[in-house]
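Note sheet for the following structure.
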Amino acid sequence: MAAAPGGSAPPAGPGPRLGFSTADSGVGMSGLNPGPAVPMKDHDAIKLFVGQIPRGLDEQDLKPLFEEFGRIYELTVLKDRLTGLHKGCAFLTYCARDSALKAQSALHEQKTLPGMNRPIQVKPAASEGRGEDRKLFVGMLGKQQGEEDVRRLFQPFGHIEECTVLRSPDGTSKGCAFVKFGSQGEAQAAIQSLHGSRTMAGASSSLVVKLADTDRERALRRMQQMAGQLGAFHPAPLPLGACGAYTTAILQHQAALLAAAQGPGLGPVAAVAAQMQHVAAFSLVAAPLLPAAASSPPGGGPGSLPGLPAPIGVNGFGPLTPQTNGQPGSDTLYNNGLSPYPAAYPSAYAPVSTAFPQQSSALPQQQREGPEGCNLFIYHLPQEFGDAELIQTFLPFGAVVSAKVFVDRATNQSKCFGFVSFDNPTSAQTAIQAMNGFQIGMKRLKVQLKRPKDANRPY
DNA sequence: TCGTATT
């Protein structure tokens, strides 16, 4: 019964909509009549992704905003499948393709919903095929073929929105082009008929007609190229320098942790030991660089390291012989990412969660904000830092509620910034003191309080 | 360079 309230206007039914197919259908009467109980959608309708939605808004709240642009076929707020938590985004399909286009141009990056820092996102969902399903890459053209020739070739298949021959700086054709059709069907027809169908004058092989790369594919391709280049360089001396820098950072990191913890407890060492998982391989190679690194205090950052015990430096680079407590079996420190903290730290640094020492590790980590003053913005993170490393880095300063490194969706590469939230402001301040300015390679971490939500905004 | 979320 939760579905479609019969009869009268008020749809008030707070029914557990599974996506709230906006069967708004104006008139109440649900299924029985042959009427349009469920609105039809165009065959070429576009499913839109809507991002930057305040977590407090559900489908009912959003509906009015989007209905301005046409009848909604379906609107679904994304929720975490386990927790049911609002993920801050939604899928939206209009009955008419045109409505989607209008909504996108009117709303995308144009309007910021209450409580959000950034403007709403309204764009074709990633699942919408390739997003650029109307755009073709054409290869194996003759060098002498220009836009007009290419147009003539593709004209029979539909409306050409765009036609570009790729050229070198000197103007000569690269023998390929992009052709964008008005619809996916037209593009597909062209592929069917033209791909491999003939060999153009001066081309070495038959005509290539395929969908153009998506952004993601382009990004991946670039990444592969870069990886290839790195591979080629690998035997060269360059990497050692890089390792040295990174090693330096880790060493300084140790110092920072030590200083912050204000004590020789095994906590910091344990945390660093965990870090070492990631650099053990480098460490061996870079070992000779260590003493220098150890003797130079991290400028601007955590300040001096009064008594950085020599054993620590040495210890760090004998990855399998941590000296934390002299126990031979202490390599267990390496395998339980988050656990060392509660037991090992002085109470001042182990605020709350001591009662459940081992539990923090497995939580789904839905990103959350802590209270005001507890949320840090961190910039200049090492490229290789992920959420886990971020947690490790800040765990020594208190209970980390969440840690998130931003990642480029297309490449999966870190954007080198992220957030860490503690459950109390003191931990956040301690972390800032210890880690802001902390040098890694040529860069220094920037660690500061996250901007409050309403900053940057008139009212 | 300020919470990124794609069923």
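The figures that follow rest on heavy atoms only: side chains count, while hydrogens, waters and symmetry mates do not. Quick note on labels: first sequence line is chain A, next is B, and so on, each numbered from 1.
The interatomic distance linking A:I120 (CD1) with B:dA5 (P) rounds to 17 Å, in whole Å. One interatomic measurement links the two molecules: CG of A:D408 to P of B:dT1, which rounds to 12 Å at whole-angstrom precision. When rounded to the nearest whole Å, the span between CZ of A:R451 and P of B:dG3 equals 8 Å. Atom CG of A:D80 and atom P of B:dT4 are 15 Å apart (whole Å). Atom CG of A:L381 is separated from atom P of B:dG3 by 15 Å (rounded to the nearest Å). Following rounding to the nearest Å, A:R55 (CZ) and B:dG3 (C1') show an atom-to-atom distance of 7 Å. When the P atom of B:dC2 is taken as reference, atom NE2 of A:H380 falls 12 Å away, rounded to whole Å. In this structure, A:E372 places its CD atom 13 Å from P of B:dG3, rounding to the nearest Å.
A:L449 approaches A:G373 most closely through the heavy-atom pair CD2-O, 3.5 Å.
Taking 4.0 angstrom as the limit, A:K404 places a side-chain polar atom (N or O) nearer than this to OP1 or OP2 of B:dA5. Contact annotation: A:Q52 reaches the phosphate of B:dT4 (side-chain N/O to OP1 or OP2, under 4.0 Å). Remark: A:K87 is in phosphate contact with B:dT6, judged by side-chain N or O atoms under 4.0 Å from OP1 or OP2.
Nearest nucleotide to the side chain of A:F419, out of B:dT6, B:dC2, B:dT7: B:dC2. The nucleotide whose nearest atom lies closest to any side-chain atom of A:F377 is, among B:dT4, B:dA5, B:dC2, B:dC2. When each of B:dG3, B:dC2, B:dT6 is scored by its nearest atom to the side-chain atoms of A:S402, the top-ranked nucleotide is B:dG3. You'll find that the side chain of A:K446 is closest to B:dT1, out of B:dT1, B:dT6, B:dC2.
Put simply, the side chain of A:K47 and the base of B:dT7 share a donor and an acceptor less than 3.5 Å apart. Between the base of B:dT7 and the side chain of A:S127 there is a donor-acceptor pair shorter than 3.5 Å.
A distance cut-off of 5.5 Å between ring centres, combined with a plane angle under 30°, leaves A:F417 outside any stacking arrangement with the base of B:dT1. Look at A:F406 and the base of B:dT4; the rings do not stack under the cut-offs of 5.5 Å between centres and 30° between planes.
Every side chain to side chain contact (heavy atoms under 4.5 Å, CB included) that A:P425 has, sequence neighbours left out, goes to A:C374.
Residue contacts for A:V407: at a heavy-atom cut-off of 4.0 Å it reaches a base atom on one of the strands shown. Residue contacts shown for A:R81 are absent, as no nucleic acid heavy atom lies under 4.0 Å away. Contact annotation for A:N375: base contact, defined as any heavy-atom pair under 4.0 Å involving a base atom.
Geometrically, A:K135 engages A:F178 in a cation-pi contact, judged by NZ or CZ lying under 6.0 Å from the ring centre and within 45° of the ring axis. For the pair A:K41 and A:Y73, the cation-pi test (distance below 6.0 Å, angle within 45°) is passed.
In this structure a side-chain-to-backbone donor-acceptor pair under 3.5 Å is present from A:R55 to A:K87.
Put simply, the residue from A:E161, A:E162, A:E186 that forms a salt bridge (Lys or Arg N to Asp or Glu O under 4.0 Å) with A:R134 is A:E161.
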